[in-house]
Amino acid sequence: MPHVQANGIRLHYRFDERRDGAADAPVLVLSNSLGTTLAMWDPQIAAFTEHFRVLRYDMRGHGDSDAPDGDYSIETLGRDVVGLLDALGLQRVHFCGLSIGGLTGQWLGLHAAARLQRLIVCNTAAKIGQADGWNARIAQVRAKGMTDVAAASIGRWFTAEFVDRDPAAVDAVHRQLLSLTTPGYCGGCAAVRDADFRGALAAITVPTLVVGGRGDQVTTVADARFIAAGVADGRVAEISGAHLSNIESQAAFDAAVLRFLGVDVVQHLHEDARYAIGLARRRETLGSAHVDRSLQNVTPFNAEFQDAITRNAWGEIWTRAGLPGHTRSLLTIAMLIALGRDGELKLHLNAARHNGVTRDEIKELLMQAAIYCGVPAANHAFSLAAEIFAQQDREATQA
Ligand SMILES: O=C(O)CC1=CCC(=O)O1
């Protein structure tokens with residue numbers, strides 16, 4: 001288990017060479033979230049080492065790195081990274097950090113830009129949470145240890161659907177949380193509590209990708225958009241999943257990061273990965289119940305068609321970064337009205353709410369359709385929409 005002496009502590013790291021052994025390949029550094037270890041990046045290693053040498057480390061207070069007593073700061077965590085790079089003789093790297101790792105990334109973008117080629121900050125914000133909340137969490141861990149906080153974290157970090165689908169992956173993260181010491185975890189909480197980059201983002205000039213999880217309630221897609229709009233050269237990739245989106249939506253996460261780092265993902269994406277990305281996007285838009293029904297109804301006759309829809313419609317087009325899901329839903333409804341395809345139209349009138357489309361927006365769309373598709377088409381669409389809304393209301397009262 002290699003360690004370096006960096007910024008006054010022993011920092012544990014792991015360096016995975018590129019698959020083909022290219023010693024001069026660019027380096028991608030991965031920085032973990034509060035409460036996890038460098039093992040949180042296990043799902044990424046196979047795809048990332050196809051293209052990069054991958055350096056991951058346990059942030060101070062976590063895993064096998066030293067956990068000194070006292071409050072940490074994001075500046076200290078940033079200087080740990082600079083110390084790690086110096087110790088390993090690495091001048092410039094790509095840096096990818098999640099949550100507190102994304103705060104560290106913002107600090108590096110401001111104070112160590114010369115060391116960065118490209119910056120990726122994931123499931124993070126310019127400011128995460130409020131001081132009161134962090135102080136309460138610190139007090140809870142000091143009084144009772146990690147048990148309750150670990151259970152609550154799992155509830156925030158993954159969607160319920162993922163907890164059911166992949167309990168082993170969730171359990172691995174739970175064990176990382178339980179392995180932490182009180183000083184290590186509380187020191188990290190203090191660093192998050194005190195970090196606020198809201199007024200400083202414009203000074204980050206390194207090209208930056210901000211990855212946001214559509215199901216992330218901790219650091220939202222709105223937080224991701226705020227960072228991307230604030231830095232000089234930013235863009236957002238919205239993917240499925242909650243806070244630990246690299247685990248929950250591995251294929252989409254890998255694709256977003258690799259695309260930003262210049263890998264021709266369309267070429268490189270394995271069909272299984274495209275299927276996984278597509279299935280997650282399809283579930284998110286149409287709802288898991290509908291997708292489960294479709295999968296249960298697969299027959300030898302329609303299996304290849306179902307597979308093609310998942311990979312192409314959902315894995316390739318609905319996941320493209322160029323338009324938000326909200327716009328794609330509105331466009332899809334408009335096209336289905338024009339084509340007069342009632343079955344698909346009802347499906348998307350029902351699903352659009354999952355992409356943030358409101359009933360008022362659907363009404364406006366139907367008014368517009370009355371001009372461009374004709375009054376009979378819009379009239380019919382109004383009655384289908386009314387049917388769908390009534391059904392949604394019935395389901396809401398039954399729930
Ligand atoms: O602990 C959480 O739920 C969220 C979090 C904030 C910073 C981090 O790394 O995780």
Side-chain angles (χ1 to χ4, degrees), residues 29-41 56-63 65 67 71-78 80-81 95-108 120-142 144-160 162-163 170 173-182 184-198 210-213 215-224 226-227 241-248 253:
V29 177
L30 303 177
S31 179
N32 59 291
S33 65
L34 179 71
T36 64
T37 71
L38 55 71
M40 70 164 270
W41 297 111
R56 23 182 191 154
Y57 69 100
D58 287 326
M59 77 165 246
R60 168 185 293 252
H62 290 57
S65 290
D71 289 355
Y72 306 160
S73 70
I74 293 298
E75 175 176 353
T76 303
L77 300 182
D80 290 349
V81 177
F95 181 90
C96 171
L98 191 141
S99 201
I100 192 172
L103 290 170
T104 303
Q106 291 170 71
W107 186 90
L108 291 167
I120 303 139
V121 294
C122 319
N123 300 87
T124 194
K127 174 169 172 55
I128 304 179
Q130 300 302 324
D132 287 355
W134 289 109
N135 287 334
R137 200 188 295 187
I138 291 169
Q140 187 182 8
V141 172
R142 291 216 169 109
K144 295 188 177 168
M146 285 298 293
T147 312
D148 292 351
V149 163
S153 299
I154 292 297
R156 284 192 306 276
W157 292 356
F158 298 108
T159 61
F162 184 72
V163 174
V170 173
V173 173
H174 194 210
R175 278 185 276 111
Q176 290 169 36
L177 276 155
L178 293 175
S179 75
L180 294 191
T181 62
T182 297
Y185 184 75
C186 293
C189 288
V192 181
R193 177 194 65 201
D194 299 338
D196 185 352
F197 293 110
R198 286 175 295 182
V210 191
V211 178
D216 188 351
Q217 311 291 327
V218 182
T219 48
T220 61
V221 163
D223 291 323
F226 181 85
I227 298 176
H243 194 54
L244 294 196
S245 69
N246 70 305
I247 297 175
E248 179 158 352
F253 184 93

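Worth saying up front: this structure is predicted, and the values here are computed from it rather than measured. Counting convention: from 1, in listed order, for ligands and their atoms alike.
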- Taking every non-hydrogen atom, the tightest pair across L98 and H243: CD2-O, 3.8 Å

- Item | Backbone or side-chain N or O of R156 under 3.5 Å from ligand 1 N or O | yes

- Have a look at S33, A125, S99 and point out the one with the heavy atom closest to atom 7 (C) of ligand 1. S99

- N/O donor-acceptor pair under 3.5 Å between N123 side chain and L244 backbone: no

- Atoms of ligand 1 under 4.0 Å from any heavy atom of I100, numbered from 1 in the order shown, are 7 (C), 8 (C), 9 (O)

- Considering the heavy atoms of W134, write down every atom of ligand 1 situated less than 4.0 Å from one of them. 6 (C)

- Between V211 and S245, which heavy-atom pair has the shortest distance, and what is it? CG1-OG, 4.3 Å

- Message: Would the distance check show the side chain of W134 and the main-chain N or O of D194 forming a donor-acceptor pair, the cut-off being under 3.5 Å?
- Response: no

- For ligand 1, find out whether one of its N or O atoms is nearer than 3.5 Å to an N or O atom of I128. no

- Test T36 against H62 for side chain to side chain donor-acceptor pair (under 3.5 Å), laying out the working first. CA-CA 7 Å; T36 64; H62 290 57; over 6 Å; no

- Query: Would you say the side chain of Q106 lies within less than 4.5 Å of the side chain of I74, judging by non-hydrogen atoms?
  - Reply: no

- Task: Specify side chain, backbone, both or neither for V218, according to which of its non-hydrogen atoms lie closer than 4.0 Å to ligand 1.
- Result: side chain

- Task: Answer with side chain, backbone, both or neither: which part of R137 has a heavy atom less than 4.0 angstrom from an atom of ligand 1?
- Result: side chain

- Item | For atom 2 (C) of ligand 1, the protein heavy atom that lies nearest, with its residue and separation | W157 NE1, 3.3 Å

